[in-house]
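Before any comments, here is the structure.
Indexing begins at 1, ligand by ligand and atom by atom, following the structure's order. Just so you know, residue 1 is the first one in the sequence shown, and it goes up from there.
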Amino acid sequence: MSGVPITYAERIRTLPPYLFAAIDEMKQQAVARGVDIINLGIGDPDLPTPAPIVERMQQAVTDPQHHQYPSSSGMLSFRTAVAGWYQRRFNVTVDPKSEVVTLIGSKEGIGHVPMAFIDPGDVVLVPSPGYPVYPVSASFAGGIAHEMPLLKQNGFLPDLDAIPPDVARKAKLMFLNSPNNPTSVIADVTFFSRVIAFAKEHHVIVCHDAAYSEIFYDGLRPSSFLEAEGAMDVGIEFHSLSKTFNMTGWRIGFAVGRAEVIAGLSQIKSNMDSGQFQAVQEAGITALESDDRLTAGLRAIYQERRDVLVAGLRNLGLEFDTPSATFYVWIEVPQGYTSASFTAHLLEKAGIVTTPGNGFGSPGEGYIRMALTTTKERLAEAVDRLKHIGW
Ligand SMILES: *Cc1c(COP(=O)(O)O)cnc(C)c1O
């Protein structure tokens with residue numbers, strides 16, 4: 001029996017090559033050989049969701065009122081909890097009715113937002129290296145992603161002055177991400193103010209991704225984009241409960257900011273999905289209302305891990321900035337290596353999986369990313385193995 005010819009749509013055919021495929025293959029082979037792999041490649045917390053959140057979910061799931069369709073923009077009680085959290089955490093006031101939308105994980109909102117504002121040929125400015133969803137969602141909406149390289153000489157922040165005038169003219173949307181995956185760099189309110197001035201001059205909507213705002217060290221709390229004067233005039237901020245509360249599997253996040261931008265995103269959502277399960281939103285309320293009680297302990301664990309890895313890597317002479325936030329270390333590859341060859345070297349000689357920096361965009365070439373999503377004992381073991389291999 002022969003089927004109909006299957007032709008994939010251009011938006012799929014033109015997806016960038018999956019640069020992690022080669023490393024996945026090598027990892028499978030190492031596992032098959034019986035190598036005890038230490039995986040520092042994963043951007044997913046290894047620890048369970050805190051018990052009070054799970055318990056609230058257990059109760060909520062039995063309530064028949066949650067068994068029906070939710071509203072696609074989210075329960076008002078969840079959005080009110082978001083507004084309360086913004087007030088306490090950032091001293092920013094937002095209207096839960098018009099300036100907050102519940103998301104099925106922040107990736108969902110990031111993936112959908114260009115569809116609300118981008119017409120074919122419009123430019124979307126994306127940080128690179130960066131979360132692959134930014135350029136892909138731009139292209140799915142028919143837009144053209146323009147990379148803003150994150151370079152060491154600029155403190156790994158986008159250089160707004162380097163954006164060519166004709167690109168700025170066609171730009172309608174800019175993605176930003178602080179604290180940053182993969183570089184771990186935190187942008188401050190001064191930088192956000194420059195972004196706001198740029199956005200106002202060039203009529204660009206700013207979409208700031210703050211998924212790691214609560215994973216920080218040494219008491220250095222990252223700022224919200226919305227703390228900067230005028231931010232509410234130009235854009236929105238994405239947040240996620242995934243990293244803050246070890247809830248990656250639950251799919252719960254939100255966007256906050258300028259009402260018309262939230263309304264555009266909500267309009268796309270109401271035509272594409274029917275919102276997040278209300279029981280998950282109930283659990284999310286428990287998480288947000290806990291403020292620091294559930295997160296402080298998590299931060300302490302990551303900080304211990306960070307200190308073990310950073311001290312070990314420094315001793316080995318590797319070049320990197322100690323992360324002040326996120327659970328990533330962004331490391332320069334030694335002389336004579338590329339991102340791919342150093343990743344391969346660490347896997348073959350030490351059984352350590354890392355992520356090649358060029359997988360996040362070509363300006364990431366020359367770097368690898370290590371994640372702190374494994375125990376401090378395993379991180380110490382990784383450092384020990386690295387001492388023996390050389391490069
Ligand atoms: C993990 C991550 C997110 C969060 O994704 P969710 O869909 O909320 O789980 C968003 N942005 C970046 C850069 C991330 O690394």
Does any N or O atom in D209 lie less than 3.5 angstrom from one in ligand 1, N or O only?
yes
Is the NZ or CZ atom of R306 positioned over Y217's six-membered ring, under 6.0 angstrom from the centre and within 45° of the axis?
yes
If you count the atoms of ligand 1 from 1 in the order shown, which ones are under 4.0 Å from a heavy atom of A211?
3 (C), 10 (C), 11 (N)
Ligand 1-proximal atoms of E108, by part, heavy-atom distance under 4.0 Å:
neither
Side-chain donor-acceptor pair under 3.5 Å between S224 and R89, yes or no?
no
Any nitrogen or oxygen of T248, side chain or backbone, less than 3.5 Å from one on ligand 1?
no
So, for P70 and F277, which heavy atoms are closest and what is the spacing to 0.1 Å?
CG-N, 4.4 Å
What part of S106, side chain, backbone, both or neither, has a heavy atom within less than 4.0 angstrom of ligand 1?
both
Below 3.5 Å, N or O to N or O, backbone or side chain included: is there any such pair between K107 and ligand 1?
yes
Within the 4.5 Å heavy-atom criterion, are V113 and F175 side-chain neighbours or not?
yes
So for N177 against ligand 1, with non-hydrogen atoms under 4.0 Å, the contacting part is side chain
Proximity flag R251 to ligand 1, non-hydrogen atoms under 4.0 Å:
yes
Consider only side-chain N and O atoms of E25 and Q29, and report whether a donor and an acceptor are under 3.5 Å apart.
yes
Would you mind checking if R88 and D292 are paired as a salt bridge, meaning a charged N to carboxylate O distance below 4.0 Å?
no
Does G105 reach ligand 1, in the sense of a heavy atom lying below 4.0 Å from it?
yes
Begin from the C-alpha positions of E381 and R378 and carry the test salt bridge (Lys or Arg N to Asp or Glu O under 4.0 Å) through to its verdict.
CA-CA 5 Å; E381 159 84 18; R378 289 296 274 174; 5.1 Å; no
Does some side-chain heavy atom of M75 sit less than 4.5 Å from a side-chain heavy atom of H66?
yes
What part of Y212, side chain, backbone, both or neither, has a heavy atom within less than 4.0 angstrom of ligand 1?
side chain
For S242, the atoms of ligand 1 under 4.0 Å from one of its heavy atoms are 6 (P), 8 (O), 9 (O)
Which of the atoms in ligand 1, numbered in the order shown and given with their element, are less than 4.0 Å from a heavy-atom of K243?
1 (C), 2 (C), 3 (C), 4 (C), 14 (C), 15 (O)
